[in-house]
There are 2 protein chains.
Amino acid sequence: MSPKTLKIDKLPTIRRLPSYLQILRDLSAKGEEFVSSAYLADQMQIEAILVRKDLELTGINGVPRVGFRTNDLVSAIEKFLGWGRALDTCLVGAGQLGAALLGHRELNNFGIRIVAAFDNNPAKIGTSLHGVTVFPFSRLNELLKRLTILLAIVCVPPDVAQSVVDQLVQGGVRAIWIFTSANITVPEHVIFQREDLLSGLAVLSACLTRKGPVDTSA
Amino acid sequence: MSPKTLKIDKLPTIRRLPSYLQILRDLSAKGEEFVSSAYLADQMQIEAILVRKDLELTGINGVPRVGFRTNDLVSAIEKFLGWGRALDTCLVGAGQLGAALLGHRELNNFGIRIVAAFDNNPAKIGTSLHGVTVFPFSRLNELLKRLTILLAIVCVPPDVAQSVVDQLVQGGVRAIWIFTSANITVPEHVIFQREDLLSGLAVLSACLTRKGPVDTSA
DNA sequence: TAGATTGTTAATCGATTAACAATC
DNA sequence: TAGATTGTTAATCGATTAACAATC
């Protein structure tokens, strides 16, 4: 019954791929031809064996005593994630968080290109944020189809989130990345991923509390 | 050797606690005295048994045939996370993302209160963002100590991230929540949590790619 | 009492880690 | 060749799920 937010194999590994990619691109830019699992492990602050396991997923074989070919890993990861060519994406809800995402350089360097923004704030409609034009919600359906957008980023207030998502689905969107903590449902064929900022904070404050907030020893 | 980003028990459960809390507060506001694991499971889109396992961590016992006392759960979770009383926090880097976090209502309803912001942009220094004054970096150390800030949120560009973190540690900060994807190290006694936006997107695009981007069947 | 829901104990599943063989 | 690093296979660990007893 319960739709399960997203059921996919090797989730932890996939979540780490963008970090690998970032490191690998840096190395590549510096002209480093090879990289060892030990180096990546150090950068990622995980164990080397876990790196090797993760890289298995890319299908790239390393060379004993030498390491992995940096460029091969870069392209394999990009391919695995479908980030080879940037995916056209739209942003719904161009408030402060939405605008921050539009301007987020890393985001636009990795996998997606935001080609349109939607907001119902009259002051924003028609303006351009980080080079992306803001359209009213009323044009959502038309533009989704014209631009064949498969992935949408949603940053609207909780009370309109479900309605926005419904419109996106109607417009043919296949994947939704949502930053609103409302209870959303989508049809079977649509995938969605909620980004929950609070969960990271929870981990941090739980640790802080465990340690005792005023433990002043080293 | 490797410092391990954060080693803590029941991590997945802790990450879910804020979502529970949100739902429970809503129920509480509506005057619902009891809640069943089945209801929570439905809202969270997970299995009921997992909810019961999660709630074990709070130490609250349910009543067979009736459910859990909503208010008891709310306070137990708040207590567990140390969110009973808001923790004074500062924000370093009041760029677009930083400003968005400052204005993020949920964040300020849950566990933390941002009492100061720091940025080196002269145009921002001395102004107030969402009611929080922006100070220059040069006053970091002084204010951290005066305000006894234990937790800091970092939204600065990668190239200054380590230096900012070092200053925070020097100023007595014990926990750092960082939104920059640079390789950061902190001393043993400081905990930090990196928020990696890209990892959520990776999951989404990996799924989208697996399904085939133009699979137009139902 | 009967029945719904919790709590407990065991089973399963998957991720991480360890040990070591393979290889350039 | 010797040695460093990968790849493989097995062990461990922890999270989720299942089965069912306990209880109001």
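Just so you know, these numbers come straight off a predicted model, no measurement behind them. Lettering of chains follows the sequences in order, A, B, ..., and the numbering in each one begins at 1.
As a whole-Å value, the separation of A:Leu11 CG from D:dG14 P is 20 Å. Between the CD1 atom of B:Ile49 and the C1' atom of D:dA22 there is a distance of 14 Å, given to the nearest Å. Between the CZ atom of B:Phe34 and the P atom of D:dT23 there is a distance of 18 Å, rounded to whole Å. If you take CG of B:Asp54 and P of D:dG14, they are 17 Å apart, rounded to a whole angstrom. Between A:Arg15 atom CZ and C:dT16 atom P the separation is 12 Å, expressed in whole Å. As rounded to whole Å, 12 Å separates atom P of D:dA19 from atom CD of B:Glu47. Distance B:Leu57 CG to D:dA15 C1': 13 Å, rounded to the nearest Å. Rounded to whole Å, the distance from CG on B:Leu50 to C1' on C:dT12 is 14 Å.
In terms of position along DNA chain C, the nucleotide closest to B:Arg65 lies nearer the 5' end than the nucleotide closest to the other residue of the pair B:Arg65 and B:Ile60. Annotation: of the two residues near DNA chain D, B:Asp9 and A:Phe68, the 5′-most nearest-nucleotide partner is A:Phe68.
When the nucleotides D:dT16, C:dT23, C:dT5 are ranked by their closest atom to the side chain of A:Pro64, C:dT23 comes out on top. You'll find that the side chain of B:Arg52 is closest to C:dG7, out of D:dT17, C:dG7, C:dC24. Taking only side-chain atoms of B:Ser36, from C-beta outward, the nucleotide of C:dT5, C:dA19, D:dC24 with the closest atom is C:dT5.
Within the 4.0 Å cut-off from OP1 or OP2 of C:dT6, not a single side-chain nitrogen or oxygen of B:Asn61 is found.
Panel note: side chain B:Thr70, backbone B:Glu32; a donor-acceptor pair is recorded below 3.5 Å. A:Gln167 places no side-chain N or O within donor-acceptor distance of the main-chain N or O of A:Asn141, the cut-off being under 3.5 Å. Formation of a donor-acceptor pair under 3.5 Å by the A:Arg194 side chain with backbone atoms of A:Thr180 is found in this model.
The base of C:dT9 sits with one of its N or O atoms less than 3.5 Å from a complementary donor or acceptor on the side chain of B:Lys53.
Counting non-hydrogen atoms of other residues, nucleotides and ligands closer than 6.0 Å to CD of A:Gln170 gives a total of 12 or fewer.
Using modelled atom types, one finds no donor on one side chain facing an acceptor on the other under 3.5 Å when comparing B:Gln22 with B:Asp26.
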> Would you write out the dot-bracket form of DNA chain C, 5' to 3', with Watson-Crick and G-U pairs under 3.5 Å, [ ] for crossing pairs, | for pairs to other strands and . for unpaired bases?
Replying inline: ..||||||||||||||||||||||
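Remark: of the listed residues A:Arg16, A:Lys10, A:Arg15, A:Arg16 is the sole one forming a salt bridge (Lys or Arg N to Asp or Glu O under 4.0 Å) with A:Asp54.
A salt bridge links A:Glu78 with A:Arg25: at least one charged nitrogen is closer than 4.0 Å to a carboxylate oxygen.
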